[in-house]
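Structure first, then comments.
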2 protein chains.
Amino acid sequence: MINLKHLRTLTALRDTGSVSEAAERLFLTQSALSHQLKELEERLELSLFIRKSKPLRFTLAGKRLLDLADDVLPLMRGAERDLMRLAGGESGRLHAAIECHSCFQWLMPALDLFRDNWPDVELDLSASFNFAPLPALTRGDLDLVITSDPEELPGISFIPLFKYELLVAVAKHHPLASEQYLTPSLFSSETLITYPVDRQRLDIFTQFLDPANIEPAEIRTSELTQMMLQWVASGRGICALPNWALTEYLEKEFVLGKRLGQQGVWGTLYAALRTEQLELPYIEDFLRTAQDTCFNTLSGIRAVS
Amino acid sequence: MINLKHLRTLTALRDTGSVSEAAERLFLTQSALSHQLKELEERLELSLFIRKSKPLRFTLAGKRLLDLADDVLPLMRGAERDLMRLAGGESGRLHAAIECHSCFQWLMPALDLFRDNWPDVELDLSASFNFAPLPALTRGDLDLVITSDPEELPGISFIPLFKYELLVAVAKHHPLASEQYLTPSLFSSETLITYPVDRQRLDIFTQFLDPANIEPAEIRTSELTQMMLQWVASGRGICALPNWALTEYLEKEFVLGKRLGQQGVWGTLYAALRTEQLELPYIEDFLRTAQDTCFNTLSGIRAVS
DNA sequence: TCTTGGTGTTGAATTATATTCATAAATACC
DNA sequence: GGTATTTATGAATATAATTCAACACCAAGA
């Protein structure tokens with residue numbers, strides 16, 4: 001009658017607020033979800049949510065099913081994890097590194113969850129940005145690298161985690177504050193603040209300024225997101241950050257977030273791993289945990305279509 | 001990955017102790033279940049139970065899944081009931097009658113459960129055996145009759161609940177105690193104890209003695225199962241009862257249970273209802289509750305194939 | 001040791017179910 | 001009112017579940 005697929009659909013609907021985005025997150029077409037919901041509602045002789053109104057609203061029946069999902073899905077997940085441990089062993093090593101400074105925000109909670117579930121896996125997170133992590137991954141010194149630029153490397157797989165939009169943080173009283181979206185040429189008179197890394201690894205250059213052959217008036221760097229935003233807020237520059245890294249500052253109206261071009265510039269965050277390790281139970285579980293954590297803690301991100 | 005179908009399969013395996021009987025209870029072929037289990041075990045890279053050995057034994061992984069099933073399936077059931085109530089209304093009437101004296105054993109617990117879940121449905125159980133309940137069902141004076149002889153009646157549906165074997169209770173020191181199974185002719189020198197109803201409604205006659213044209217030496221009647229077995233135990237007669245009505249006495253070795261003929265005589269218990277009421281939510285739920293209760297509380301019964 | 005009946009397995013064929021594709025309808029947004 | 005976005009629908013397709021029919025296994029009895 002009701003099955004787990006339905007419960008996952010309902011939670012995806014709640015998380016995303018629309019049928020089409022829920023479909024994206026479930027890796028289905030919107031049509032598939034529409035059929036599925038129609039069939040379910042007809043069979044139950046109940047409507048589960050009200051489509052008109054954004055975000056969608058759930059009926060009593062829909063809420064009852066969501067409660068069920070909140071009870072049942074974690075139980076299923078827990079059992080699956082236990083079986084994975086039974087089948088594949090409990091121990092191993094997960095030495096991780098991040099290329100993306102803002103990733104601490106979700107990686108920390110994800111690793112905390114992971115540690116609880118896999119106490120016998122040796123965890124390490126390296127946050128030094130002075131070396132190239134991908135060769136270390138190939139060598140076997142690292143087991144996981146979080147990065148937003150995948151490259152063709154033998155033996156390395158890039159698993160997409162989610163898509164995010166690159167937004168430009170701008171002070172509330174900055175001249176650019178009134179623009180709907182930013183064009184490259186607007187940057188030529190601005191001070192751009194970036195992380196202190198190679199500019200080939202900064203999407204603002206590779207995807208936006210370099211194609212238009214525009215150079216900012218000045219470039220300053222900082223290691224710390226919070227510091228960058230302090231500078232932005234005081235009108236001493238602007239900086240490009242993933243939307244999810246910016247949300248808490250946007251909500252506080254500490255800065256404004258501006259779109260890059262009319263369509264926006266989008267990036268994808270990947271987990272890079274050695275291909276031979278992909279099927280290890282704790283690796284599989286980490287990837288799912290990471291993705292779940294991201295979708296739960298970050299707003300504005302989307303599943304990779 | 002793991003879904004509810006798998007959980008139901010596992011519990012059916014536990015309840016029945018064999019793949020083929022579990023399949024029967026799930027209304028599947030044994031082949032289907034074999035495929036399903038093979039696929040699941042291969043995907044999990046775990047064996048879930050040990051086939052050789054009867055009844056089958058579960059591995060650690062199998063037990064973990066059974067625990068999951070015991071948590072999850074009741075939650076699902078509860079939610080489905082809530083949705084049924086939301087969709088179809090909470091109130092109604094269920095006036096029941098039984099033709100089969102021994103049915104109190106499972107009907108009472110089933111009705112107790114039902115009352116908890118449908119407090120606004122007016123429940124009544126009539127146990128008077130002096131009137132024909134099926135006409136009353138047609139008239140609308142009753143809503144449910146539990147019976148083991150279905151008949152073609154317009155507007156009435158007979159929903160099979162389970163199959164049971166008719167066994168003959170015999171005192172431990174009775175001459176028949178040494179027989180492997182009983183033939184009709186053995187009855188001609190025996191005192192047979194039956195319920196005080198029309199002999200056309202007694203399977204021991206219609207399915208066993210009458211076809212062989214044999215008459216017991218004497219017939220005595222009693223309303224009460226316990227009384228009948230008292231007489232049997234003291235060697236003053238024998239009586240035919242459904243296996244599940246006999247189990248507690250067999251376990252205490254109060255009497256012995258003998259098969260009727262080499263294949264045994266089997267009956268089916270039905271719930272008779274007005275067809276137009278079949279889709280009422282509380283009726284549907286009652287039927288499922290009844291069947292679950294039977295399978296849980298009665299031993300030796302089988303699903304209707 | 002050779003049957004035999006009960007059980008579980010297997011591969012191919014079939015059936016049922018889920019998903020997509022292409023398009024239309026509905027709705028929200030200027 | 002037009003345009004973009006979201007949802008719905010019917011037919012085609014793909015995937016998954018189930019059955020069928022044949023076979024393997026095993027224990028009990030001849």
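Residue numbers start from 1 in every chain, and the chains themselves are labelled A, B, ... in the order their sequence lines are given, proteins ahead of strands. Model, not experiment: these values are computed from the prediction.
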[X] side-chain proximity, nearest of [options]:
{"X": "B/Thr29", "options": "D/dT7, D/dC20, C/dT7", "value": "D/dC20"}
{"X": "B/Lys5", "options": "D/dA17, C/dG8, C/dT20", "value": "D/dA17"}
{"X": "B/Lys38", "options": "C/dG8, C/dT7, C/dT10", "value": "C/dT10"}

- When we call it a touch if two heavy atoms are under 4.0 Å apart, what does A/Leu33 touch: a base, just sugar-phosphate, or nothing?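 No contact.
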Nearest-Å distance for atom pair [atom1]/[atom2], residues [X] and [N]:
{"X": "B/Leu28", "N": "C/dT15", "atom1": "CG", "atom2": "P", "answer": "17 Å"}
{"X": "A/Gln30", "N": "C/dA24", "atom1": "CD", "atom2": "C1'", "answer": "12 Å"}
{"X": "B/Glu39", "N": "C/dT9", "atom1": "CD", "atom2": "P", "answer": "14 Å"}
{"X": "B/Met1", "N": "D/dA16", "atom1": "CE", "atom2": "P", "answer": "15 Å"}
{"X": "A/Phe49", "N": "D/dT6", "atom1": "CZ", "atom2": "P", "answer": "14 Å"}
{"X": "A/Leu40", "N": "C/dT17", "atom1": "CG", "atom2": "C1'", "answer": "15 Å"}
{"X": "A/Glu24", "N": "C/dT20", "atom1": "CD", "atom2": "P", "answer": "13 Å"}
{"X": "B/Leu56", "N": "C/dT9", "atom1": "CG", "atom2": "P", "answer": "11 Å"}

- Donor-acceptor pair present, B/His35 side chain and D/dT19 base, under 3.5 Å: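 Per atom types, the contact qualifies.
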- Query: Does A/Gln36 or A/Lys52 map to a spot on DNA chain C nearer the 5' end, using the closest nucleotide for each?
  - Reply: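 Closest to the 5' end, via its nearest nucleotide, is A/Gln36.
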- Does one side chain, of A/Thr59 or A/Ser47, offer a donor that lies under 3.5 Å from an acceptor on the other?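 Short answer, no.
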- Is the CD atom of B/Glu276 crowded by more than 12 outside heavy atoms at less than 6.0 Å?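 Correct, the count exceeds 12.
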- Item | B/Leu60 atom CG, neighbour heavy-atom count above 12 within 6.0 Å |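 Open: at most 12 neighbouring heavy atoms sit under 6.0 Å from CG of B/Leu60.
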May I ask you to evaluate whether [X] reaches the phosphate of [N], defined as a side-chain N or O under 4.0 Å from OP1 or OP2?
{"X": "A/Ser31", "N": "C/dT19", "result": "no"}
{"X": "A/Arg51", "N": "D/dA8", "result": "yes"}
{"X": "B/Ser20", "N": "C/dG8", "result": "yes"}

- Relative to B/Tyr164, does B/Arg302 satisfy both conditions: NZ or CZ under 6.0 angstrom from the six-membered ring centre, and within 45 degrees of the ring's axis?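 The answer is no; the distance or angle limit is not met.
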- Is the charged tip of B/Arg51 near the ring of B/Phe49: under 6.0 Å from the six-membered ring centre and within 45° of its axis?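 Yes - B/Arg51 lies over the ring of B/Phe49, closer than 6.0 Å to its centre and within 45° of its axis.
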